[in-house]
Amino acid sequence: MGGKSKKGQATIVLPADCRIAALPAVHQQLCAALTQPSVLDGVAVERIDSAALQLLYAFGRDAVARGNPPTWAGVSAPLREAADLLGMTHILALPAALPA
């Protein structure tokens, strides 16, 4: 997990285990990224729970309100499946799935 920056842009790398125990660190990175354009990297996510998806939604909503809508560098299959299951794919603005 990291908060790499590239020319005024924050990259938040979500952890492989993106469940409630990991959320304080993720929350801290997301809060720090609200004031600049940000990229969410969900490629490494192997496990994710509804609390993490809610946090990502709240971050996206707040970032959009500040004029900095986040983009996705990539999304793992488990992250996409969890978002699909909860009907959150659209509101999280996940990129289109690659054809199998």
Distance-only donor-acceptor pairs under 3.5 Å for side chains of residues 65-72, two or more places apart:
residue	atom	partner	partner atom	Å
Asn68	ND2	Leu34	O	3.4
Trp72	NE1	Leu92	O	2.9

Tell me the closest heavy-atom pair linking Leu53 and Met88, and the distance in Å.
O-CE, 3.5 Å
How close do Ala52 and Ile48 get, counting heavy atoms only, and between which atoms?
CB-CG1, 3.6 Å
For Arg19, what residues pass the salt bridge (Lys or Arg N to Asp or Glu O under 4.0 Å) criterion, not counting sequence neighbours?
Asp17
Rounded to the nearest 0.5 angstrom, the SG-CG distance for Cys31 and Leu55 is 8.0 Å
If you compare all heavy atoms of Ala33 against all heavy atoms of Ser38, which two are closest, and at what distance to 0.1 Å?
CB-CB, 4.2 Å
Distance from Leu14 atom CG to Glu46 atom CD, nearest 0.5 Å?
12.5 Å
Could you check Thr11 against Val13 for side chain to side chain contact (heavy atoms under 4.5 Å, CB included), going step by step and ending with a plain yes or no?
CA-CA 6 Å; Thr11 298; Val13 179; 4.2 Å; yes
With hydrophobic residues grouped by side-chain heavy-atom distances under 4.5 Å, do Leu86 and Ile91 end up in a single group?
yes
Using 0.5 Å steps for rounding, measure from the CG atom of Leu94 to the CG atom of Asp84.
7.5 Å
Are more than 12 heavy atoms from other residues, nucleotides or ligands located less than 6.0 Å from atom CD1 of Ile20?
no
Holding to side chain to side chain contact (heavy atoms under 4.5 Å, CB included), I want the full list of residues that pass it with Ser76, two or more places apart in sequence or in another chain.
Val45, Pro78, Leu79
Any non-hydrogen side-chain atom of Leu40 less than 4.5 Å from a side-chain atom of Val75?
no
For Thr89, is there any backbone N or O sitting under 3.5 Å from a side-chain donor or acceptor partner on Arg80?
no
